[in-house]
Amino acid sequence: MSKITSLHVVWLRNDLRSYDNAALHHATAAANDEQNSAVLALFIATPKTWQRHDMAPIRQDLLRRRVLQMQTELASRNIALMALEASSYSDCAKIFSKLADAGMVALYGQTEYELREQQRDKEITQQLQRADITVNWYDRLCIMPPGTILTQSGDTYKVFTPFKRNWLSRLHEQEIRCYSKPKASVLVDVKQLMQQLGVKEMADGDGCSADWPVAEQQVLDKLRGFCQQQVADYNDKRDFPAVKGTSRLSAYLACGVLSAQQCVNRLQMEAGPALEREKSGASVWLSELIWREFYKHILLAYPDLIKHKPFQAETAAIRWRQNKTLFKAWCEGNTGYPIVDAAMRQLNDTGWMHNRLRMITASFLVKDLQIDWRWGEQYFMSKLIDGEFAANNGGWQWAASTGTDAAPYFRIFNPVTQSERFDPEGDFIRRFVPEIAHVQGKEIHWPHKKSTPSGYCPAIVDHDEARKITLAMFTEVKKSDG
DNA sequence: TAGTGGTTTTG
DNA sequence: AAAACCACT
């Protein structure tokens, strides 16, 4: 075989899949078109940057496991995946200059919307273009890319429902296309290339995400299974944490084993007509995918969000309580509110939390403990296997009433009412708060009525009182703003 | 035609 | 209360 003289490099980040991967697809097509040309997929682990972004250890481990799995999957398609270990994003530049010397002719990748990531990509782009290397970015993180869904006056939507209406009308105008799995003709010898470049191989993770399978086919089967068997009941079951009513695909969307395009494509295939029915399981699940895009669009349009500025400027003046003791109790699931404690322990024990519980615990931290939503935002990121800036920040600001969407009511959840409504039998609470598992019947939602069961913590705050304090805090900043 | 004001909608 | 739409200019 003749010597490889040109490399088409695919930089994988949060698009760790071989199906429907635009970058991989185009790089392979280009390489197959040329003589002595090969595709090289590249992943660079950057634990220092990950840590600075509070990326949960379980999410880091999932990334590493997925990359190793993908290495095998891609090799069978004649595509080598070089998995490297660096420290932070600034080290990526050195790797690319070495690749440029080794015959790299083009770079392919999927765009990302966070500030540091955009800076990183901009710098690498400039560096490579100076060396006459073609750089191709594909904006496929969303089905409808930011900038394509605007109000009639050309503004970014700040309210979900009109955004969704617009988004859906676009969906009806077009067919969602997914790229096929690429196949190259020449396989690069990665071991040799790594030696030649003098770069460090990616380290293994600690395996803490082992409960989450990483084989691409297995994940696609999960998606298909969900769309065939569960999505029909999604609207009826999704709010009950004791029931497996949600897709549990968020972690795979976050690291891109699945694309949103694949999700909607599969949903249309399996649930077709139901999608046209309002409140059908299929259309409600689609709404959740649209929420994901809504927050990504918002993030790109309001870059201050990445600096943790509140969307509603006047709420920056709120003086949140800096109480480490109360915060710790919330983190550890020792608030004395069973549904809150069960939820936080689910997060701590499994790296994942049911969406209904994310709203309940967020509301509790902000509206019952008056603690800065940013503390909660950061804690969630540091624990969640599916933590992504846009959705996490959007969700927290929604719960904190500092974000988009100006509803005329004030959003304070009553944790006991929420518990009664969404964990009616207390099954979920008993699973995660064993010290009150023996409490019979509806008392499980509020076991303090007679006296707090031994081994369980008393309530750290009185909800009705806390509610009044919070309302006053918001009234204060609203009136000083005029 | 882009700006306005009045009306409807809002996770 | 604020956003978005819509009709009118």
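Per chain, numbering begins at 1; letters A, B, ... match sequence-line order.
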Should [X] be listed as having a side-chain N or O under 4.0 Å from OP1 or OP2 of [N]?
X: A:R165; N: C:dA3; result: no
X: A:Y157; N: C:dC5; result: yes
X: A:Q152; N: C:dA4; result: no

Measure the distance from [atom1] on [X] to [atom2] on [N] and round it to the nearest whole Å.
X: A:D405; N: C:dA1; atom1: CG; atom2: C1'; value: 11 Å
X: A:L150; N: C:dA3; atom1: CG; atom2: C1'; value: 15 Å
X: A:L471; N: C:dA1; atom1: CG; atom2: C1'; value: 15 Å
X: A:F294; N: C:dA3; atom1: CZ; atom2: P; value: 11 Å
X: A:K158; N: C:dA3; atom1: NZ; atom2: P; value: 6 Å
X: A:F311; N: C:dA1; atom1: CZ; atom2: P; value: 19 Å
X: A:F163; N: C:dA3; atom1: CZ; atom2: P; value: 17 Å
X: A:D155; N: C:dC5; atom1: CG; atom2: C1'; value: 12 Å

Exercise for the section: Measure from the side-chain N and O atoms of A:R17 to the backbone N and O of A:D20, and report whether any donor-acceptor pair falls under 3.5 Å. Expected result: yes
Practice task
Among A:F160, A:W167, A:W398, find the residue that satisfies the ring-ring contact (aromatic ring centres under 6.0 Å, His included) test when tested with A:F294.
Solution key: A:F160
Exercise for the section: Given ring pair (Phe, Tyr, Trp, His ring centres under 6.0 Å), test A:F163 with A:H297 step by step and report yes or no. Expected result: CA-CA 10 Å; A:F163 174 85; A:H297 287 220; 5.2 Å; yes
Problem - Candidate list A:R66, A:E73, A:R65, test side-chain hydrogen bond (donor to acceptor under 3.5 Å, both in side chains), partner A:Q69, passing option - result: A:E73
